[in-house]
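Residue numbers start from 1 in every chain, and the chains themselves are labelled A, B, ... in the order their sequence lines are given, proteins ahead of strands. Values below: every heavy atom of this structure, side chains too, minus hydrogens, waters and symmetry copies.
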Protein chains: 2
Amino acid sequence: MRDIQPVRWQDGHLLLLDQTLLPHREVVLEITDHRQAAEAIRQMRVRGAPAIGVAGAYAVALAARALQSRQWDGFLAELEREAAAIGSTRPTAVNLRWAVDRMLRRALQCASSAEACHALEEEACRIHQEDVEACRALSAHGASLLPSEGGVLTHCNAGALATGGYYGTALGVVRAAWEMGKRFHAFCTETRPFLQGARLTAWELVQMGIPATLVVDSAAGSLMRKGEVQCVIVGADRIAANGDVANKIGTYSLAVLARENAVPFYVAAPTSTVDLSLPSGEEIPIEERPAEEVTRWASVPTAPAGIGARNPAFDVTPHRYVTAIITERGVLCPPYEAALRGALADHVRA
Amino acid sequence: MRDIQPVRWQDGHLLLLDQTLLPHREVVLEITDHRQAAEAIRQMRVRGAPAIGVAGAYAVALAARALQSRQWDGFLAELEREAAAIGSTRPTAVNLRWAVDRMLRRALQCASSAEACHALEEEACRIHQEDVEACRALSAHGASLLPSEGGVLTHCNAGALATGGYYGTALGVVRAAWEMGKRFHAFCTETRPFLQGARLTAWELVQMGIPATLVVDSAAGSLMRKGEVQCVIVGADRIAANGDVANKIGTYSLAVLARENAVPFYVAAPTSTVDLSLPSGEEIPIEERPAEEVTRWASVPTAPAGIGARNPAFDVTPHRYVTAIITERGVLCPPYEAALRGALADHVRA
């Protein structure tokens with residue numbers, strides 16, 4: 001299987017596989033400027049919570065390089081300003097803010113602009129490498145939960161494309177279970193309006209050689225009712241302290257439908273997706289994207305003039321619908337507050 | 001408000017507003033041949049259970065005219081064959097089969113091809129007129145159920161376009177409630193893959209001047225969870241004797257989400273949509289449409305080569321999720337079996 005790398009760092013340049021053009025065209029954007037990087041994140045040329053965390057870290061490294069000639073105080077002040085701009089391009093995924101904050105903390109440990117530039121490039125590469133390792137570990141932990149046959153349904157794209165590369169989160173678990181010899185059938189929802197399921201997850205599943213079927217988002221419930229789905233597995237953009245999960249719009253509906261049909265509902269995410277500062281999902285900011293993403297497709301209008309549209313990119317699934325949260329530190333079960341705090345405390349000690 | 005007429009009969013020709021081109025182009029197809037009519041139904045140039053019932057009736061009238069020169073026995077045998085072909089173009093909506101069967105029964109009351117041709121044209125016009133009246137009546141019955149403020153969500157298109165014209169079913173209730181002075185906000189789901197919500201319901205709502213917002217299908221659950229939806233109202237393609245409802249794919253999901261959020265879930269349909277011959281929804285045939293409707297849009301592929309796709313056009317909502325069924329004979333409440341048999345018995349007596 002060909003390894004998928006949505007984000008690469010090469011000779012001091014950020015290389016992004018342009019996900020708005022997949023699956024029909026594989027175009028790699030070579031980015032040398034942090035503002036270009038921020039714009040690529042905003043336009044979803046790179047997307048997926050862990051992937052935008054990694055891309056955001058590289059964007060901060062690019063910002064540092066652009067500011068290298070500044071005096072140390074001015075460097076830090078400007079870096080904070082640029083980092084804030086990078087961190088605010090997409091508000092829901094906490095990984096982006098987490099990565100940007102970690103980069104700033106690293107900068108504060110330095111004593112000069114030159115030292116910081118070097119250190120931040122290294123730190124971004126470390127964040128990237130840790131993400132790949134976290135996904136590999138959580139994929140292995142989660143694989144045992146998947147059925148040996150029947151159907152596994154996923155929503156949006158939580159594959160290699162959504163992360164630092166190679167594995168992915170929900171799709172990493174799917175891949176690891178398949179590599180263990182489990183022989184299920186994968187279902188992916190197309191995931192309107194951006195079609196991450198149809199364009200990206202379907203593409204990854206075809207490349208992995210896992211038999212898979214694409215359905216419209218609203219067909220998932222009916223598949224569950226007919227007994228064709230043995231588990232649902234999704235990624236996450238932010239997990240609050242109580243285990244509430246923000247993820248792609250439609251996730252909440254799938255979780256309710258899964259519980260109604262006694263189908264396990266798993267969330268797979270690295271601990272960088274956990275935000276213990278928020279007591280519940282109600283406090284997670286939900287990005288509202290442009291209405292045109294709903295009312296146009298491939299430049300063709302899908303709706304009449306005069307109709308309003310709303311385009312919330314994410315929703316919140318209350319923790320009571322979540323069967324387990326799969327992290328690189330193991331599979332967490334309810335009650336989630338204690339389990340999440342435990343997993344993150346281990347992390348601090350590690 | 002301009003009246004919308006998806007099906008008209010004029011000078012012995014069937015005029016269909018081509019719904020595949022809406023809302024961007026209003027093209028009326030002039031159909032003189034029953035096979036053209038059948039093909040227009042199959043291609044969803046006319047769609048919506050009541051509308052394809054009416055169009056199917058006119059198609060049988062066109063078939064009769066094409067066979068007019070045949071001897072009486074041959075005429076009847078050929079008419080049955082052509083009627084069966086018309087009736088099988090779309091399997092789920094019972095209105096089509098119901099209308100075709102009613103046309104054949106009318107033919108059997110005649111004594112000659114010439115008499116039958118004349119009688120069948122009249123009968124098709126009667127079916128059409130009755131459908132318009134049924135929609136007007138059910139709209140009036142249902143209007144009192146809608147909230148005076150807050151949100152009303154509908155799925156797919158159950159408007160004038162889906163029926164004989166003027167009112168519609170679910171959207172007819174919405175219109176009647178609005179005309180009573182209720183001031184809610186309408187939400188319509190885009191309804192993948194055919195986008196009846198984005199293309200047709202949004203168009204009708206704009207013309208009615210009702211404030212409305214379009215959302216992707218998978219956003220409906222989140223709107224309900226946030227308290228923005230006070231009721232869900234949909235049409236139906238077939239209602240089994242126990243009250244189970246076949247309707248556009250995604251309806252089942254909305255019904256489950258409505259119950260989970262204590263939101264009433266209403267089904268609006270004329271009694272021609274009821275099929276007492278089927279004990280439950282499990283026996284309703286569900287049309288599987290071409291995979292390309294999911295994997296392409298506006299001729300542009302949305303998914304990679306090599307991915308399978310399924311495209312069930314309908315799903316079944318078990319009656320326990322349905323708060324009430326709104327018909328031209330009144331609002332029916334559970335237990336539905338008795339209520340539906342009662343409503344249809346009245347009809348036979350009437």
Side-chain angles (χ1 to χ4, degrees), chain A residues 22-24 155 187-193 195 197-199 202-203 205-207 211-223 225 248-254 256-257 259-261 286 291 294-295 297-312 314-316 318, chain B residues 22-24 155 187-193 195 197-199 202-203 205-207 211-223 225 248-254 256-257 259-261 286 291 294-295 297-312 314-316 318:
Chain A
L22 288 174
H24 309 301
H155 183 53
F187 289 102
C188 59
T189 54
E190 64 173 3
T191 318
R192 282 283 294 154
L195 296 174
R199 296 190 301 106
W203 187 69
L205 285 165
V206 167
Q207 292 192 46
T213 297
L214 175 67
V215 292
V216 296
D217 300 310
S218 69
S222 179
L223 285 176
R225 197 177 79 82
K248 180 54 51 199
I249 189 77
T251 301
Y252 162 70
S253 299
L254 294 177
V256 169
L257 288 157
R259 200 182 62 169
E260 186 75 6
N261 289 284
I286 298 297
V294 175
T295 57
W297 198 85
S299 311
V300 181
T302 57
I307 189 79
R310 285 211 351 227
N311 185 14
F314 305 95
D315 61 24
V316 171
Chain B
L22 288 175
H24 310 301
H155 183 54
F187 288 102
C188 60
T189 54
E190 64 172 2
T191 318
R192 282 283 295 154
L195 297 174
R199 297 190 301 105
W203 187 70
L205 285 165
V206 167
Q207 292 192 46
T213 297
L214 174 69
V215 293
V216 296
D217 299 312
S218 69
S222 179
L223 284 177
R225 196 176 80 81
K248 180 54 51 198
I249 190 76
T251 301
Y252 162 70
S253 299
L254 294 177
V256 169
L257 288 157
R259 199 180 63 169
E260 187 74 5
N261 290 285
I286 298 298
V294 175
T295 57
W297 197 84
S299 312
V300 181
T302 57
I307 189 76
R310 286 211 350 228
N311 185 14
F314 304 95
D315 62 24
V316 171

Task: Heavy-atom check, side chain of Asp315(B) versus side chain of Arg225(A), under 4.5 Å - done: no
- [ ] Output the option from Pro211(B), Ala305(B), Ala219(B) having the highest count of non-hydrogen pairs under 4.5 Å with chain A.
- [x] Ala219(B)
- [ ] Pick whichever of Ala212(A), Gly306(A), Pro312(A), Gly197(A) has the most heavy-atom pairs under 4.5 Å with chain B.
- [x] Ala212(A)
TODO: With a 4.5 angstrom heavy-atom cut-off, could you sort out which part of Asn311(A) is near chain B: side chain, backbone, both or neither?
DONE: neither
- [ ] Quick one: which of Asp217(A), Leu205(A), Val316(A) has the most heavy-atom pairs under 4.5 Å with chain B, could you say?
- [x] Val316(A)
Open item on the list: Name the residue from Ile249(A), Ile286(A), Thr251(A) that meets the side chain to side chain contact (heavy atoms under 4.5 Å, CB included) definition with Ser222(B).
Closed with: Ile249(A)
- [ ] Name the region of Leu22(A), side chain, backbone, both or neither, that has any atom closer than 4.5 Å to a heavy atom of chain B.
- [x] neither
Open item on the list: Looking only at heavy atoms and a cut-off of under 4.5 Å, which of His155(A), Arg192(A), Lys248(A), Arg259(A) has the most pairs with chain B?
Closed with: Arg192(A)
TODO: List the atom of Val294(A), the atom of Glu190(B), and the distance in Å for their closest heavy-atom pair.
DONE: O-OE1, 4.0 Å
Open item on the list: Is Val215(A) close to chain B through its backbone or its side chain, or both, or neither, when contacts mean heavy atoms under 4.5 Å?
Closed with: both
Task: Region of Ala291(A) in contact with chain B, defined by heavy-atom distances below 4.5 Å - done: neither
TODO: Please state whether the side chain, the backbone, both or neither of Pro23(A) comes within less than 4.5 Å of a heavy atom of chain B.
DONE: side chain
TODO: Write down the atom of Gly221(B), the atom of Tyr252(A), and the distance for their closest heavy-atom approach.
DONE: O-CE2, 3.3 Å
Task: Heavy-atom pair with the smallest gap, counting every atom of His24(B) and Pro301(A) - done: NE2-O, 2.9 Å
Task: Minimum heavy-atom distance Ala303(A)-Leu214(B), with the two atoms named - done: CB-CD2, 3.8 Å
TODO: Provide the closest heavy-atom pair for Arg199(B) versus Thr302(A) in the form atom of the first, atom of the second, distance.
DONE: CG-O, 3.3 Å
TODO: Heavy atoms only: give me the nearest Ser253(B)-Ser218(A) pair and the separation to one decimal.
DONE: OG-O, 3.8 Å
Open item on the list: How long is the straight-line distance from CD of Glu260(A) back to CD of Glu260(B), given to the nearest 0.5 Å?
Closed with: 6.5 Å
- [ ] Check whether Pro318(A) gets within reach of chain B through its side chain, its backbone, both or neither, counting any heavy atom under 4.5 Å.
- [x] side chain
Task: When Thr213(A), Leu195(A), Leu223(A) are compared by non-hydrogen pairs under 4.5 Å with chain B, the top option - done: Thr213(A)
Open item on the list: At a heavy-atom distance under 4.5 Å, which candidate from Pro193(A), Ala220(A), Ala202(A), Cys188(A) has the highest pair count against chain B?
Closed with: Ala202(A)
